[in-house]
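Computed over heavy atoms, backbone and side chain alike; hydrogens, waters and symmetry mates excluded. Per chain, numbering begins at 1; letters A, B, ... match sequence-line order.
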Number of protein chains: 2
Amino acid sequence: MAQSDTVDRILNAAEELFADRGFSETSLRMITSKAKVNLAAVNYHFGSKNALIHAVFARFLTPFSATLEKAFDELESKCGDKPATLDQTLSALTESAIRMPQRNEKGISIFMRLLGLAYTQSQGHLRKFLEQQYGKTFNRFMRLLKEATPQLSAVDRYWRIQFMLGATAFTMSSSDALRGILENKLGVETTVQEIAARLVPFLAAGMQAKDAMLVSTAGDNTSVA
Amino acid sequence: MAQSDTVDRILNAAEELFADRGFSETSLRMITSKAKVNLAAVNYHFGSKNALIHAVFARFLTPFSATLEKAFDELESKCGDKPATLDQTLSALTESAIRMPQRNEKGISIFMRLLGLAYTQSQGHLRKFLEQQYGKTFNRFMRLLKEATPQLSAVDRYWRIQFMLGATAFTMSSSDALRGILENKLGVETTVQEIAARLVPFLAAGMQAKDAMLVSTAGDNTSVA
DNA sequence: TTGCCTCTCAAACGTATGTTTCAAACAGGC
DNA sequence: GCCTGTTTGAAACATACGTTTGAGAGGCAA
């Protein structure tokens with residue numbers, strides 16, 4: 001009983017503190033005092049701070065990538081040999097995220113912020129870990145995106161995927177702060193589910209925008225459907 | 001001669017290292033050794049590490065916000081009492097950024113990445129500094145965006161602006177790396193100007209996307225006007 | 001020259017970090 | 001009971017950090 005209890009308490013505390021303050025700004029002493037365990041417990045159970053970071057991600061990402069693979073399986077079998085649409089592909093992603101069993105009400109938002117930090121904050125070891133652990137699923141998602149946007153040139157698709165990733169990672173990485181601002185300014189509360197529901201149509205519209213490469217400053221319209 | 005030389009070398013080194021590694025991950029010793037100046041020079045000339053961070057931002061943002069204010073002046077006088085379009089507003093921004101005199105070829109991309117870090121990394125002091133220093137210009141930009149998208153609710157507009165900022169900051173921040181990948185994979189060269197030209201229609205399409213809020217996963221919807 | 005002010009330099013300071021150590025407490029099988 | 005392997009605890013370790021100190025170098029006016 002002692003073992004798993006300590007490990008979980010460390011993971012819970014670390015997850016929350018990392019999401020709040022980033023990785024380098026969170027010390028092991030903050031984590032262990034929040035978790036009410038001894039300082040040495042982290043190195044005893046995980047080996048190092050970096051390994052703890054990996055464990056925090058693995059605890060969420062391993063079941064999530066399994067769920068996502070299943071969702072992709074269903075999507076592909078449902079579509080037969082037709083390619084899935086862009087909306088279907090993006091929705092498979094967001095719905096898998098939302099349906100994950102959550103430890104508490106903040107579960108998703110904490111983890112979205114962590115993912116954003118992982119992408120933004122240049123932690124070499126983390127990126128390597130995520131890539132070799134979950135790269136396969138990520139590449140499958142990219143393939144689906146490609147099949148869903150056959151009208152785009154490879155170059156256009158490449159850049160627009162970067163735009164999508166940017167909007168997502170950036171928003172999620174600061175979503176707590178943004179939500180706070182929104183509540184103060186407009187008096188509205190927003191859940192992560194709602195943000196995702198707003199993000200998907202934004203991204204889908206952007207991905208399918210008509211090219212306006214030749215329109216420069218002086219000119220006028222960019223036709224958008 | 002000694003003075004300005006040291007100050008500039010510190011600023012140049014700090015700018016590059018911050019963009020590469022983030023603020024907390026960059027030590028004063030890294031900065032001073034890259035700049036080939038004494039460690040104490042930072043505290044002598046700037047007072048503290050935080051003040052150095054502010055100075056790095058101010059060196060770029062102060063002339064940029066002046067350029068931007070001028071661009072907005074021209075835009076508003078050109079449009080008379082009609083509101084400027086979304087494309088015009090976004091283009092005023094990107095063109096002002098592109099036209100800024102740059103210290104070197106990496107100028108823009110480095111600074112875009114810094115802006116992204118400032119937003120993502122929870123450095124309270126930085127956010128306060130930027131807000132009180134350049135909040136006026138930022139609010140003017142927000143007002144233009146508001147007038148350019150009267151069809152959006154305040155909440156929708158708020159989130160979509162966050163998505164735009166994310167896509168922009170994220171893409172620009174790593175545009176050097178992304179450009180390299182693109183050249184290797186597809187054999188195409190891309191300039192920052194071309195990326196901006198691709199980004200603007202993507203953003204404009206996203207901003208003007210039809211809402212799909214009622215498409216929800218399981219049961220409940222999230223009512224937001 | 002002398003005096004003054006600005007700037008540089010090497011060294012040190014105090015603090016916080018990740019990690020290690022080793023003894024004590026605890027569990028379960030014999 | 002005793003023994004064995006696992007887990008906790010308080011303390012210390014080595015290192016890196018931002019910052020401060022005080023001596024001295026250099027330029028410039030009187």
Side-chain angles (χ1 to χ4, degrees), chain A residues 1-59 114 117-118 121-126 128-129, chain B residues 1-59 114 117-118 121-126 128-129:
Chain A
M1 110 143 184
Q3 201 270 355
S4 70
D5 193 47
T6 298
V7 167
D8 277 349
R9 280 160 62 165
I10 291 175
L11 285 173
N12 289 336
E15 183 178 273
E16 207 160 324
L17 285 170
F18 285 153
D20 270 7
R21 325 173 26 96
F23 303 113
S24 343
E25 290 81 1
T26 302
S27 71
L28 292 186
R29 283 166 178 82
M30 291 179 200
I31 294 171
T32 53
S33 89
K34 179 180 180 109
K36 293 196 176 65
V37 303
N38 188 272
L39 169 62
V42 170
N43 285 279
Y44 175 77
H45 286 287
F46 297 95
S48 70
K49 184 182 179 180
N50 280 353
L52 169 62
I53 295 176
H54 297 176
V56 166
F57 277 85
R59 182 168 68 150
L114 285 181
L117 283 181
Q121 212 146 321
S122 67
Q123 300 259 19
H125 68 96
L126 221 195
K128 263 177 214 158
F129 170 78
Chain B
M1 112 146 186
Q3 202 268 355
S4 70
D5 193 47
T6 298
V7 166
D8 278 349
R9 280 159 63 164
I10 291 174
L11 284 173
N12 290 336
E15 182 178 273
E16 209 159 322
L17 284 171
F18 285 153
D20 271 6
R21 325 173 26 96
F23 303 113
S24 346
E25 291 82 1
T26 302
S27 71
L28 292 186
R29 284 168 177 83
M30 291 179 199
I31 294 171
T32 53
S33 89
K34 179 179 180 113
K36 292 197 177 66
V37 303
N38 188 271
L39 169 62
V42 170
N43 284 279
Y44 176 77
H45 287 288
F46 297 95
S48 70
K49 184 183 180 182
N50 280 353
L52 169 62
I53 295 176
H54 297 176
V56 166
F57 277 85
R59 183 167 65 151
L114 285 181
L117 283 182
Q121 216 144 318
S122 66
Q123 301 259 24
H125 67 97
L126 221 195
K128 262 175 216 159
F129 170 78

Reading DNA chain D from 5' onward, which residue's closest nucleotide shows up sooner: A:Leu39 or A:Tyr44?
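The residue closer to the strand's 5' end, by nearest nucleotide, is A:Tyr44.
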Nearest to the A:Asn38 side chain among C:dC9, D:dG18, D:dG9, which nucleotide is it?
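From the listed options, D:dG9 comes nearest.
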When the distance from [atom1] of [X] to [atom2] of [N] is rounded to whole Å, what number comes out?
X: A:Lys49; N: C:dG18; atom1: NZ; atom2: C1'; value: 8 Å
X: B:Phe46; N: C:dC7; atom1: CZ; atom2: P; value: 12 Å
X: A:Leu28; N: C:dT20; atom1: CG; atom2: P; value: 11 Å
X: A:Arg9; N: D:dT8; atom1: CZ; atom2: C1'; value: 12 Å
X: B:Asn43; N: C:dT6; atom1: CG; atom2: C1'; value: 17 Å
X: B:Asp5; N: C:dT8; atom1: CG; atom2: C1'; value: 13 Å
X: A:Glu25; N: C:dA16; atom1: CD; atom2: P; value: 16 Å

Phosphate OP1/OP2 of [N]: any [X] side-chain N/O under 4.0 Å:
X: A:Thr6; N: D:dT7; result: no
X: A:Ser27; N: C:dT17; result: yes
X: B:His45; N: C:dT6; result: no

Taking for each residue the nucleotide of DNA chain C with the nearest heavy atom, is it B:Arg29 or A:Val42 whose nucleotide lies nearer the 5' end?
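Nearest-nucleotide comparison on DNA chain C picks B:Arg29.
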So A:Val42 and A:Arg29, do their side chains get closer than 4.5 Å, heavy atoms only?
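No; the side chains remain at least 4.5 Å from each other.
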Report yes if the side chains of A:Phe23 and A:Leu114 come closer than 4.5 Å at any heavy-atom pair, otherwise no.
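The answer is yes, as the side chains (C-beta and beyond) meet within the 4.5 Å cut-off.
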Where do B:Leu11 and B:Leu52 land on the side-chain contact (heavy atoms from CB on, under 4.5 Å) test, with the steps shown first?
CA-CA 8 Å; B:Leu11 284 173; B:Leu52 169 62; 4.0 Å; yes
With no hydrogens and no angle check, is any side-chain donor or acceptor of A:Lys36 less than 3.5 Å from a backbone partner on A:Arg9?
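Judged by distance alone, no pair lies under 3.5 Å.
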Anything under 30° is parallel, anything over 60° is perpendicular, the rest tilted; go ahead and classify A:Phe129 against A:His54.
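A:Phe129 vs A:His54 ring planes: parallel.
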Within the 4.0 Å heavy-atom criterion, would you say B:Ala40 contacts the bases, only the backbone, or no part of the nucleic acid?
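Touches a base.
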Taking any heavy-atom pair under 4.0 Å as a contact, classify A:Ser24: base, sugar-phosphate, or nothing.
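Result for A:Ser24 = nothing.
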